[in-house]
Amino acid sequence: MGVKEWLFILPTVLIIGIFSLWPVLQSFTYTFFDYRLNDQQKAGLYLSERFNVSLFNETQMYVAMFLDEDLPNIKNEEDRKLVSELKNKLVNADSDFSNQKGVIKISKQQRVKIENLQKDAKELITTLNERYKLIHKDDFPALVDDLKNSIIPSNFIGIKGYKQVFTDKRIGTALWNTSFFTVISVFCELVLGLGLALVLNKTIFGQGMIRTASLIPWAIPTAVAALMWSYLFNGSSGIVAHFFEAIGLVDKSQDLLLSGPGAMASTILADVWKTTPYMALLLLAGLQNISHSLYEAASIDGASKVQSFFKVTLPLLKPSILVALLFRTLDAFRVFDLVFVLTGGGPGGETETMSIYAYKVMFGQTNFGYGSIIVMIMFLCVAFIAILFVKFLGANLMEKN
């Protein structure tokens, strides 16, 4: 392939790289760091030691200001002299980082100087608190510790985060919930979608209107559909919950969303209702590519409707089934908005999927390091599912004949 040919595909390659590959690489990088936004010492990716100039400047300013306010309470001249020396040390240390802001690299000598300064300040503050009744007695210890907290250690942890996965029981629960939800919902959608596709493929009166109406559930935004089903499943006023109680499917209407099995069943039912039309649409496209002459030939050979379905329809529909199953399985495995709105992962984590767990870790706890590891596990599972489908179903999607 020449240079001209590469120039034609360059925009596509750039778009894929920026919007697909780069986020994956970025998330993969996060997995090797203890990256937490709620911890000022771990709020970045630090391969080596760093120094938070802004935190140090602010801390030394407050220490000096509080010492000035408490100076009248310090009667001993020697102690007053020690306070003055500490203030001078703080000013000198601050001058070393003048015209610098944010997080910077720090030399070994500078780190030792800061550590000694914090040690001297802590010893002096402890002595002063024992001898005098200071105004800022309770504030000084934590404030002095922030001098040392300005030194940011490396938060590179390598594969330790991946090792944590094997001891995290919540990961196992989330993976089981996700797999169970995916298998049951996709199986139901395939069976119901195939039946709906066979009906839609028939030449009947009002065919266009029927096809359009059948796609309405799929056209509704997932969050809206989940909110609608949450009203229907509500144990106090939901019509579906009371109907299930009346026919004996549940003991109490509240069990639908307040018990583990009921919440999972409710989530699967809502997903099947919404996504079955999408499955039917994909299978309908495959059905319309099957020539009617094949059914006529089978009929002449004495094949019944059932035999034609298993001998003609299913074999020729295999590529479409693969596409439909692949798309829906990957989509169901990454389910987020439906579960988030309907159950929030409850009760007690019984419906918490991998994506819900990743969201809680990353945005609830602002732990982007471990959250990215969960995302990487999802990525590997999705890749494995895709390979499994293509490998074992044996349908060549690129084959034209």
Side-chain angles (χ1 to χ4, degrees), residues 30 32-158 160-161 163-164 361 364-370:
Y30 289 166
F32 298 105
F33 293 84
D34 187 11
Y35 181 29
R36 305 167 185 255
L37 295 186
N38 60 355
D39 188 335
Q40 61 185 2
Q41 290 194 309
K42 299 176 181 179
L45 308 181
Y46 306 122
L47 281 171
S48 59
E49 202 169 49
R50 294 289 193 274
F51 182 69
N52 191 332
V53 178
S54 301
L55 177 62
F56 177 79
N57 290 341
E58 182 181 358
T59 302
Q60 69 85 20
M61 179 189 69
Y62 277 109
V63 171
M65 183 175 66
F66 287 175
L67 286 173
D68 285 337
E69 292 178 1
D70 275 311
L71 195 60
N73 298 320
I74 302 173
K75 306 301 182 183
N76 186 282
E77 193 61 34
E78 285 295 325
D79 290 338
R80 293 171 70 90
K81 185 179 179 181
L82 291 174
V83 170
S84 179
E85 290 177 357
L86 177 60
K87 288 172 60 181
N88 290 332
K89 289 180 181 179
L90 290 171
V91 172
N92 292 333
D94 184 46
S95 64
D96 291 344
F97 304 102
S98 59
N99 301 323
Q100 292 181 305
K101 295 180 180 179
V103 178
I104 63 172
K105 291 184 178 181
I106 187 174
S107 65
K108 184 177 180 180
Q109 293 79 8
Q110 289 174 319
R111 177 174 58 81
V112 172
K113 183 178 179 180
I114 298 298
E115 289 177 345
N116 290 334
L117 176 61
Q118 187 269 341
K119 182 180 178 182
D120 294 341
K122 188 172 183 178
E123 290 177 355
L124 178 59
I125 293 300
T126 301
T127 302
L128 294 177
N129 276 332
E130 292 174 353
R131 294 178 181 177
Y132 308 101
K133 190 175 181 180
L134 303 180
I135 301 173
H136 302 287
K137 179 180 180 179
D138 297 330
D139 299 328
F140 266 130
L143 193 61
V144 170
D145 285 340
D146 272 344
L147 291 173
K148 189 174 182 180
N149 291 338
S150 301
I151 301 174
I152 303 175
S154 170
N155 61 343
F156 179 79
I157 59 173
K160 289 182 180 178
K163 292 180 180 179
Q164 184 181 342
V361 171
Q365 305 173 11
T366 64
N367 187 346
F368 283 85
Y370 191 60

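The figures here come from the full heavy-atom set of this structure, side chains too, leaving out hydrogens, waters and symmetry mates.
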Only one of [options] forms a side-chain contact (heavy atoms from CB on, under 4.5 Å) with [X], so which one is it?
X	options	answer
F66	L143, L71, I135, L134	L143
V83	D70, I74, I125	I74
I151	Q118, Q110, E115	E115

Closest non-hydrogen atom pair between [X] and [Y], with its separation:
X	Y	result
Y370	Q164	CE1-CD, 3.7 Å
K89	L117	CB-CD1, 3.6 Å
N155	G44	ND2-O, 2.7 Å
G102	S54	N-OG, 3.2 Å
Q60	L147	N-CD2, 4.1 Å

Sequence neighbours excluded, which residues qualify as ring pair (Phe, Tyr, Trp, His ring centres under 6.0 Å) partners of F56?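 With neighbours one apart ignored, the set is F51.
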
To the nearest 0.5 Å, tell me how far [X] [atom1] sits from [Y] [atom2].
X	Y	atom1	atom2	value
L128	D79	CG	CG	5.5 Å
L90	L86	CG	CG	4.5 Å
K137	E130	NZ	CD	9.5 Å
R80	E85	CZ	CD	13.5 Å
Q365	N38	CD	CG	8.5 Å
F368	Y30	CZ	OH	7.5 Å

Donor-acceptor pair between Y62 and D146 side chains, under 3.5 angstrom: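 Short answer, no.
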
Under the rule for salt bridge (charged side-chain N to carboxylate O under 4.0 Å, His left out), what residues qualify as partners of D139, not counting sequence neighbours?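 Salt bridge (charged side-chain N to carboxylate O under 4.0 Å, His left out) check on D139 returns nothing, list empty.
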
Working for side-chain contact (heavy atoms from CB on, under 4.5 Å), residues F33 and L47: CA-CA 9 Å; F33 293 84; L47 281 171; 3.7 Å; yes

Just so I know, are the side chains of [X] and [Y] near enough to count as touching, which here means a heavy-atom distance under 4.5 Å?
X	Y	answer
K122	D145	yes
Q41	N149	yes
N76	Y132	yes

Pair R36, N367 - check side-chain contact (heavy atoms from CB on, under 4.5 Å), show working. CA-CA 4 Å; R36 305 167 185 255; N367 187 346; 3.5 Å; yes

Begin from the C-alpha positions of F32 and L45 and carry the test side-chain contact (heavy atoms from CB on, under 4.5 Å) through to its verdict. CA-CA 9 Å; F32 298 105; L45 308 181; over 6 Å; no

Determine, for K160 against D34, whether the closest basic-nitrogen to carboxylate-oxygen distance falls under 4.0 angstrom.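 Here K160 does not pair with D34 in a salt bridge, since their nearest N and O are not under 4.0 Å apart.
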
